[in-house]
Amino acid sequence: MKPKSLLALALCATLALTGCGSGASGPDPVKLLVFGAPEELGAYRTLIEAYQDARPGERVQLIEASDRKDLLARLATSVAGGAPPDVFLMNYRFYGQFAAKGVVEPLDQRIAGSTLDPADYHPVAMDAFKWEGAQLCLPQNVSSLAVYYNRTLFTRYGVPEPKAGWTWNDLVGTATAMTRDARGLVIKGTEAEGAARLPAVHGLGVEPSIIRLAPLVWSNGGEIVDDPVKPTRLALDSPAAREALKNLIDLRQAYGVVPSDAEVEAEDDESRFLNGRLAMLMTSRRATTNFRTITGFEWDVAPMPVYRQPVGVLHSDAYCMTTGSKNKDAAWRFMEYAMSADGQRIIAATGRTVPSHIEVSRSPAFLDPDQPPRNSQVFLDAIPTVRALPTVSTWPEIEDLSYGILENAIHRGDRLDDVIRELDVKSRPMFARGEHG
Amino acid sequence: MTASRPAPRIRPDTRARRQHLLMLAPYLVGLVGLMLLPALVTLALAFTEYDLLRPPTWVGLDNLTALVDDPIFRVALLNSLVFAVVAVPLRVLVALGLALLLHRRAPGVGTARTATLLPTAVPEIAYGLLWLWLFNPLYGPINQLLRLGGEHGLTVLGRTPPPWLTDPTSARAGIILMSLFTMGETFVVLLAARRALPRDVYEMAALEDATGWDVFRRITLPLMAPVLALLAVRDAIASLHFTFVPAFVVTDGGPPPYATTYLSLFVYQTGFEYLRYGYAAAATLVMMLLTVAALLVQWRLIRRYRRFYQV
């Protein structure tokens, strides 16, 4: 072989070796796949550091996805590629597609041989991650919807603040009284598009999604699917469900208290609240981290309005281990720590979660009176009444479908019968393809 | 004692061929490994049910028949076709117009050429985010500009400015508008082609007192036609892909119902968000067939055009 060829061969070999070699020593770190705001990612880094300090020799590598959809895509492709993360964090509404396909490792045996006691956690969150009777994931948090409100604006306009036990009509009345123009006069937002007086403050912000609609329907005594255990369609045709849906649509179409679609596109509801241009916002605990950056006004949370009985919708994310993990024992040790009181306190400090650990959720780590919202107890009071949405494997598709239909209903004013029929007809094939736990 | 055999002499053309092959090798390896093989595997997966998580199972033509009945796919297909039919000619026309305008040396021409090319150099995601701001219905500079001279948030004609991201037609127009500014490559090729045209032909036309339109129709257009046709073919193929980032970043496939969901976004969402990879592969197969069909149609048009000018 000529010297030049030998040199080329040696160069290629060197490149291949340096390209493939990790250069790291010791056992592989536990790979943790999450997504979240910078503050949340910071909390995971703190959690990992605390874990590594508490357990010398253990290593955890944080893999950051940009959002929920990116996380789903990364998880699916890494599983297909044979190199999945060891642990991932996922909401119960979206884990069904992975649970049904055997991607998530059952944890019952590990729990039985561990110091981790399931009785220490809120049962509703633990149950949401059971698939065919097996505990697949460990819930990190247990949130529900609440109404965040700008206290300073309420004081300025002399409108009574929302309080426990308020009704849907109270909400509409309050939102109407809080929708104001730049001079501080009450204004009807429906007349504002393209007209002289645009609302400077909107009374309420609410996302046109099934997860926002569900607790209202349930509270009114209706259902959102035909069979909560094995659903086959979105069924909003009962009188109770119709009424709740119509009332939600009327917020924009009849009362104009929620921003128009153009206004939402120009500035989303969370930013609008942050900038003091939204009196109330219906959202989960997740928004707290962002709202704690507010310095210009005071804010707090109130429970959801009630129709007939108080019912909340479960928001919960959990640590799940992949069946393809090559580092299961180390992954479990990290999950145990993250679920322990110490681990939950670290994440609770961000304000983003309502801890699933009962003791931590009742401790100052969550109910710290010096940190807004003052009334965090609202989230704990809601736990006994929260219900979970179906965990059918095709739920992500169903949520995307319903979002578009509900968005058009609220902002374009589609006929109620058409909306209900469209949700029913278009969701059927998706439910039919789904697998249930 | 054995006499050493002389080394076989390599003919110069054989050596040159080997060198060419060696230089081409990295590209060929990439082409086969990263394009052709995945494409073949994807085509095979189009006939399976595959969710990325469990092994694929053979379903024959089920995915393709399901696509026919899928209203979201039909909308995505129509959106892609409309985009190709409207945006491709517009992009080539704008690039041609600018190339003809900027092929001469004149003050400011260099800056104008750079400005034309610049959007192509911006990373796609950054470009999408920029337009997200430009299209902002209330605070975006485009609508602010349109409101100049008008009252109560209306334009000077008393109309509401386009609700770019909330109205289906405006959103589709917005995606086309975005694509017009990234025709830098087409512009450069056309600029080079125009500058390479023989001067004496134009001098003769000037002697004959030919009008500008005559010069364009009888000289410039026929001479540049092969390049234009090539660019149109390339753009038609690329149009199936370059709608992805704008639809993904700026409109998220909306406004509902699926106003800017193009085939590329449909494939991504179906495959990676809903884990219906086999079904997404079937939609990809349709995209490939469309590309082949577009190529054949344009190839026939080009042949007819050449025959016309050869007569």
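The analysis underlying the following values was restricted to heavy atoms, covering all of them including side chains, and did not include hydrogens, waters or symmetry mates. Each chain gets a letter, A, B and so on, in the order the sequences are listed, and its residues count up from 1.
Of the residues considered (B:T270, B:L165, B:I72, B:D167), B:L165 shows the highest number of contacts with chain A, using heavy-atom pairs under 4.5 Å. Chosen from A:R68, A:K101, A:Q97, the residue pairing most often with chain B at heavy-atom distances under 4.5 Å is A:K101.
At a threshold of 4.0 Å, the pair A:D400-A:K69 counts as salt-bridged, since one of the basic side-chain nitrogens sits closer than that to a carboxylate oxygen. Residues A:R412 and A:D414 are paired through a salt bridge, judged by an N-O separation under 4.0 Å between the basic side chain and the carboxylate. With respect to the salt-bridge test (charged N to carboxylate O, under 4.0 angstrom), the residues A:E270 and A:R277 do not qualify. A salt bridge between A:D424 and A:R421 is absent, with no side-chain N of the basic residue lying under 4.0 Å from a carboxylate O of the acidic one.
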Applying side chain to side chain contact (heavy atoms under 4.5 Å, CB included), run through A:R272 and A:E263 and close with a yes or a no. CA-CA 10 Å; A:R272 197 172 281 273; A:E263 285 165 326; 3.4 Å; yes
For A:L234 and A:S402: C-alpha separation, side-chain torsions, deciding distance, then whether side chain to side chain contact (heavy atoms under 4.5 Å, CB included) applies. CA-CA 9 Å; A:L234 286 172; A:S402 56; 4.2 Å; yes
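A ring-centre distance under 6.0 Å is found for B:F272 and B:Y277.
When atom types are taken as modelled, the side chain of B:R74 and the backbone of B:V68 share a donor-acceptor pair closer than 3.5 angstrom. Side-chain N or O atoms of A:S427 include one that pairs as donor or acceptor with a backbone N or O of A:L423 at under 3.5 Å. Formation of a donor-acceptor pair under 3.5 Å by the A:T322 side chain with backbone atoms of A:P84 is not found in this model.
Interface residues of residues 30-42 of chain B toward chain A, defined by a heavy-atom distance below 4.5 Å: none. Inspection of non-hydrogen atoms places B:N136, B:P137, B:L138, B:Y139 of residues 133-143 of chain B under 4.5 Å from chain A.
Using a 4.5 Å cut-off between heavy atoms, A:R433 contacts chain B through its side chain alone, with no backbone atom that close. Heavy-atom distances place no part of A:R74 under 4.5 Å from chain B, backbone and side chain included. Heavy atoms of B:P257 lying under 4.5 Å from chain A belong to its backbone as well as its side chain. In this structure, the portion of B:R276 lying under 4.5 Å from any heavy atom of chain A is its side chain and not its backbone.
Between B:Y127 and B:W131, the two ring planes are perpendicular [angle over 60°; tilted spans 30° to 60°].
For the atom pair B:Y262 OH and B:M287 CE, the distance stands at 13.0 Å (nearest 0.5 Å).
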